Amino acid sequence: PESHVRSPLGAENGVAAMAACYQRFDPAAYLQYNYTPPRADFERKDSIVPWKLACLHRAFTEGDVSGELLVDIGSGPTLYQVLSGCEVFNKVLLTDFLEVNRQELRGWLQDEGGCSLDWTPFLQHVCKLEGRRPSAWTEKAAKLRQVIMDIVHIDVHCPQPLALDALPSAGADCLVSCFCLESVSPDLAAFTRALGNIGRLLRPGGHLLLIGALGESYYFGGPGVKIPVVPLNEAQVCASLKESGYTLIRLEVYTLPQDMRVGVDDVSGVFFVKAMKE
């Protein structure tokens, strides 16, 4: 089966090679490439960021996703993925492998203007999705700062991805993860293992909200920093979830319009998954 095809690097070297790739990751450049127009154009129905925000809003407001603790797996330098969840969960834990990304997030949390991107339009857009005035964005920002309990190191390739004391023993009630696992795995087998590893952080019956790239073989993590990605299709995503102990609730797919293909990657589509841990 495909999941057992070895990466050219070999499994053990593959993970180390991926980690080495990320040493040159540039949060400010990455944000510029992916979180400004046309990819983050809130006037356009077919822009990718509004699509992601709508998927997350729907998932968090359907009523079945609930509890105390939401953990964001591989936050990168972004916050959009927890803007709906912070209204549902009293505690939000942000995580990333790279100190530069954790530093970027701390800059926003401390609110001293040390941010590479203005998150205001994102906050305003989610307020609109929630039926609130866009001016309520300041309340949402305050709420998010209040519920974020910490920003900690994670390694999704470890059977125990977080430090032992990072989570209560019962585990998280919900995980959200966007464009992390396929971007840090050398091959499909490693992607599937990472899904299983993060599942250990989730309580049985807890939810996983997963967003990722379809058909992507690389992206730029900074000027001249080309990072390999596992090119996934929908069938592989579903098979990996099943193999890792999740029950699929919903899979949605977004196909990139031509003008969203701006040369910073070769992504053809994006998947959104809502799943439950068995």
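Residues take their numbers from the sequence shown, with the count starting at 1. What you are looking at is a predicted structure, and each value in this text was computed from that prediction instead of being measured.
- Of all non-hydrogen atoms in Q124 and P134, the two that sit nearest each other are CG-O, 3.6 Å.
- Both I227 and L181 belong to a single network of hydrophobic side chains, linked directly or stepwise wherever heavy atoms of I, L, V, M, F, W or Y lie under 4.5 Å apart.
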Verdict with reasoning, H125 to H57, per side-chain contact (heavy atoms from CB on, under 4.5 Å): CA-CA 11 Å; H125 186 76; H57 166 73; over 6 Å; no
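- E68 meets the salt bridge (Lys or Arg N to Asp or Glu O under 4.0 Å) test with no other residue; sequence neighbours excluded.
- Residues meeting the side chain to side chain donor-acceptor pair (under 3.5 Å) test with Q160, sequence neighbours left out: none.
- With sequence neighbours excluded, no residue satisfies side chain to side chain donor-acceptor pair (under 3.5 Å) with K277.
- The same ILVMFWY cluster, assembled from side-chain heavy atoms under 4.5 Å apart, contains both L167 and L208.
- The closest donor-acceptor contact from the side chain of T95 to the backbone of V152 lies at 3.5 Å or more, if one exists at all.
- Using a 4.5 Å cut-off on side-chain heavy atoms (C-beta onward), L188 and L232 make contact.
- For S75, the side chain to side chain donor-acceptor pair (under 3.5 Å) criterion is met by D72, not counting sequence neighbours.
- Of the possible donor and acceptor atoms, none in the side chain of T192 sits under 3.5 Å from a partner among the backbone N and O of S240.
- Residues E62 and R58 are paired through a salt bridge, judged by an N-O separation under 4.0 Å between the basic side chain and the carboxylate.
- Every side-chain contact (heavy atoms from CB on, under 4.5 Å) that S47 has, sequence neighbours left out, goes to D41, R44, P50, M260.
- Under the 30°/60° scheme for interplanar angles, the aromatic rings of F89 and F60 are found to stand perpendicular.
- For F220, the side-chain contact (heavy atoms from CB on, under 4.5 Å) partners two or more places apart in sequence, or in a different chain, are Y33, Y218, K226.
- Shown here are the salt bridge (Lys or Arg N to Asp or Glu O under 4.0 Å) partners of E216, two or more places apart in sequence or in another chain: there are none.
- Rounding to the nearest 0.5 Å places OG of S183 at 7.5 Å from CE of M18.
- Nearest approach of V92 to C86, heavy atoms of both residues: CG2-CA, 4.4 Å.
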From CA spacing to verdict: side-chain contact (heavy atoms from CB on, under 4.5 Å), D46, W51: CA-CA 7 Å; D46 65 345; W51 181 84; over 6 Å; no
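- Taking every heavy atom of both residues into account, W119 and P77 meet most closely at CZ2-O, 3.6 Å.
- Residues L175 and L251 are members of one and the same hydrophobic cluster, defined by side-chain heavy-atom contacts under 4.5 angstrom among Ile, Leu, Val, Met, Phe, Trp and Tyr.
- Put simply, the side chain of R24 never gets that close to the backbone of G222: no donor and acceptor are under 3.5 Å apart.
- Screening residues 141-194 for ring-ring contact (aromatic ring centres under 6.0 Å, His included) gives F97-H153 as the qualifying pairs, with residues at least two apart or on separate chains.
- Residues that satisfy the salt bridge (Lys or Arg N to Asp or Glu O under 4.0 Å) test with D173, not counting sequence neighbours, are R203.
- Considering only residues two or more places apart in sequence or on other chains, D96 meets the side-chain contact (heavy atoms from CB on, under 4.5 Å) condition with L98, N101, R102.
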Stepwise side-chain contact (heavy atoms from CB on, under 4.5 Å) check, V262 with R39: CA-CA 9 Å; V262 290; R39 290 190 168 184; 3.8 Å; yes
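- Remark: R145 pairs with W108, L109, D111, A141 by the side-chain contact (heavy atoms from CB on, under 4.5 Å) rule, at least two apart or across chains.
- At a threshold of 4.5 Å between side-chain heavy atoms, the hydrophobic network of Ile, Leu, Val, Met, Phe, Trp and Tyr places Y246 and M276 in two separate groups.
- Annotation: E43, atom CD; neighbour count of heavy atoms from other residues, nucleotides and ligands within 6.0 Å does not exceed 12.
- Looking at L123 and L79, their side chains never come closer than 4.5 Å, going by heavy atoms from C-beta outward.
- Screening residues 79-91 for salt bridge (Lys or Arg N to Asp or Glu O under 4.0 Å) gives E87-R132, E87-K140 as the qualifying pairs, with residues at least two apart or on separate chains.
- Using bins of under 30°, 30° to 60° and over 60° for the plane-to-plane angle, the ring pair Y219/Y22 lands in the tilted bin.
- The aromatic rings of F122 and Y35 sit tilted, their planes meeting at an angle between 30° and 60°.
- Minimum heavy-atom separation, V65 to C174: CG1-SG, 3.8 Å.
- Transitive grouping of hydrophobic side chains (ILVMFWY, heavy atoms separated by less than 4.5 Å) keeps I249 and V253 in distinct clusters.
- The pair K242-E278 does not count as a salt bridge, with every side-chain nitrogen at least 4.0 angstrom from each carboxylate oxygen.
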